[in-house]
Protein chains: 2
Amino acid sequence: MPYLKREAPNPEPIDCRILTAALDLFVNSGYHNVSVHEIQKQADVSIGSIYKHFGGKDGIAKALYKHILNEMDELVDDVMNEHKSPKKQCEEIIRLLCGYTETHYDIMAFIFHAKHTEFVPDEPLICNTLPFIKIREIVKSGMECGEFREINSWVAASTIFGGVIRMIQLRLDNMIEEPLPTYFETLIDASLNGVLTSDTTKTDNKISAVL
Amino acid sequence: MPYLKREAPNPEPIDCRILTAALDLFVNSGYHNVSVHEIQKQADVSIGSIYKHFGGKDGIAKALYKHILNEMDELVDDVMNEHKSPKKQCEEIIRLLCGYTETHYDIMAFIFHAKHTEFVPDEPLICNTLPFIKIREIVKSGMECGEFREINSWVAASTIFGGVIRMIQLRLDNMIEEPLPTYFETLIDASLNGVLTSDTTKTDNKISAVL
DNA sequence: CAAAATAGAATGAATGTTCATTTTTGTCAA
DNA sequence: TTGACAAAAATGAACATTCATTCTATTTTG
């Protein structure tokens, strides 16, 4: 089972084995290029078990989608509890995303590299799921408390997180060769300066980036 | 046939009809959820013609991919010819992308909303195609001539264009309700301020955004 | 020993592709 | 202009294969 924080249990129960195999195959070949039989083989499980546990191929995809977005949501919650300033919260989320791209390729690829509407059409779009809604709320509260300039919230959110998301995708595509955390400080600096209010002095940020 | 600048010929020749239908279906249902028979019906063409012209379903996808990226490339060339400053070139590309998202939904969705490796595995990744390579070159020359801060070029490119790309994806997903050009000035301002050299005064940019 | 879980051969629908036939197009002689 | 005719294009029924799913038999668990 693909977890973000927890360790996977050992030995993995049958449903976890199925999800682990499915995630790997989906991410590396794409949902539609993977057959149930391949999942069955890689998970070392019978076809019957798959249908018993998940009801079918789409059942696996749905379960995976929900599970992973839940993992993601817990992550965002943790960040919101540990840091109070929206700016700090954004930075921390970006830091975590950079880190997890290196340590949890499959999960990040599943979130940021798949067209989910094509295989889980009944599930909400990824940008309409809890963790992503919460991230937009953070951006809004950042504008309310004066940490971010008061601009359209879509623009603000896209500017702050568009850069990391792009970097993640390029890294997943093997275009970027260095691990993402290498670029963390530069990235934060470049992404946030554009949306910071002018009373948060620019120099301030550059110094904090150097430290 | 889906063009960015030119008008489609009328009546459309058979291979154009096929590509038009395929683009529409691929974008709205996803490559793997579309059968050759559906393309055939929508294009009002026989199965045989499809195999005669494109050799198969993957042939259609390949041809579409190449055609659309060519359209895109011409666009970038035009911008590079009409504007000399890299900053202006970036702005203009962003402006065009915003505009075309409203007027050429299918093409934009095909470029920014599809996982091409899953259905044209032999073609280069979209970020390795001419137009996108050229865009990265623009960013690099912007750093060389001092218009952009000297930071890692991946970070720079991701910061400048990550925002628009995110906005385009959100707009294609129907999350953003206003046409993208509405946000153009704000977006440019937010995306570029973070990467501008400090000798390009910040106030300058804010004033230009208000005008 | 009953209930739950697992196994996997068999099934049938979906769909990409082939190819023999028909239609259209373009050429040229009458 | 007409008609004959060959080459090219288009047609679509038939085919072959892939693959999700079902279902009965077997094994494991409590």
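Each chain gets a letter, A, B and so on, in the order the sequences are listed, and its residues count up from 1. Because only heavy atoms are used, hydrogens play no part in the values below, and waters and symmetry mates are left out as well, while side chains stay in. Everything numeric here is computed off the predicted structure, so don't read it as measured data.
Shown here are the salt bridge (charged side-chain N to carboxylate O under 4.0 Å, His left out) partners of A:K88, two or more places apart in sequence or in another chain: A:E91. Remark: A:F26 engages A:Y31 in a ring-ring contact (aromatic ring centres under 6.0 Å, His included) (not counting sequence neighbours). In terms of the ring-ring contact (aromatic ring centres under 6.0 Å, His included) criterion, B:H37 has no residue partners (sequence neighbours excluded). Considering only residues two or more places apart in sequence or on other chains, A:A157 meets the side chain to side chain contact (heavy atoms under 4.5 Å, CB included) condition with A:R136, A:V139.
Here D:dA10 presents its P atom at 11 Å from CZ of B:F54, a figure rounded to the nearest Å. One can place CD1 of B:I14 at 17 Å from P of D:dA8, the figure rounded to the nearest angstrom. The NZ-P distance, from B:K52 to D:dA8, rounds to 8 Å in whole Å.
Atoms CG and CZ, on A:D15 and A:R17 in that order, are 9.5 Å from each other to the nearest 0.5 Å. Interatomic distance, A:I60 CD1 to A:I39 CD1, rounded to the nearest 0.5 Å: 4.0 Å. Separation of atoms CG (A:N152) and OG1 (B:T186) is listed at 7.0 Å; rounding is to 0.5 Å.
Here ring-ring contact (aromatic ring centres under 6.0 Å, His included) pairs that include residues 61-103 of chain A, with residues two or more places apart or in two chains, are A:Y3-A:H67, A:Y65-A:H116, A:Y100-A:H104. Applying the side-chain hydrogen bond (donor to acceptor under 3.5 Å, both in side chains) test to pairs two or more places apart or on separate chains, those with a residue in residues 39-58 of chain A are A:D24-A:Q42, A:S46-A:S49.
For the helix from C:dC1-D:dG30 to C:dA30-D:dT1, the angle separating the two terminal helix axes comes to 20°, with each axis derived from five pairs and the value rounded to 10°.
Looking at B:V164, B:T182, B:I188 one by one, the single match for side-chain contact (heavy atoms from CB on, under 4.5 Å) with B:C98 turns out to be B:V164.
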> Step by step, would you call B:E92 with B:Q89 a side-chain contact (heavy atoms from CB on, under 4.5 Å)?
Replying inline: CA-CA 5 Å; B:E92 198 54 27; B:Q89 288 173 340; 5.8 Å; no
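Nearest heavy atom pair, residue B:I107 against residue B:P2, reads CD1-O, 3.7 Å. The two residues A:K87 and A:E147 come nearest to each other via the heavy atoms N-OE1, 2.7 Å.
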Could you list the protein-to-nucleotides 17-19 of chain D atom pairs, N/O on both sides, closer than 3.5 Å?
none

N/O to N/O distances under 3.5 Å, protein versus nucleotides 28-30 of chain D:
none

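If you walk DNA chain C from 5' to 3' and mark each nucleotide with an atom closer than 4.0 Å to a heavy atom of chain A, the marks span C:dA5 to C:dG8.
Classification of B:K66 and B:D73 as a salt-bridged pair fails, no side-chain N sitting under 4.0 Å from a carboxylate O.
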Show me, pair by pair, the donor-acceptor contacts under 3.5 angstrom made by side chains of residues 169-177 of chain A, not counting sequence neighbours?
residue	atom	partner	partner atom	Å
A:Q169	OE1	A:R166	NH1	2.9
A:Q169	NE2	A:F112	O	3.0
A:R171	NE	A:E102	OE1	3.4
A:R171	NE	A:E102	OE2	2.9
A:R171	NH1	A:I176	O	3.0
A:R171	NH1	A:E177	O	3.1
A:R171	NH2	A:E102	OE1	2.7
A:D173	OD1	A:H113	NE2	3.2

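Applying a 4.0 Å cut-off to non-hydrogen atoms, the residues of residues 41-49 of chain A that approach DNA chain C are A:V45, A:S46, A:I47, A:G48, A:S49, listed by residue number.
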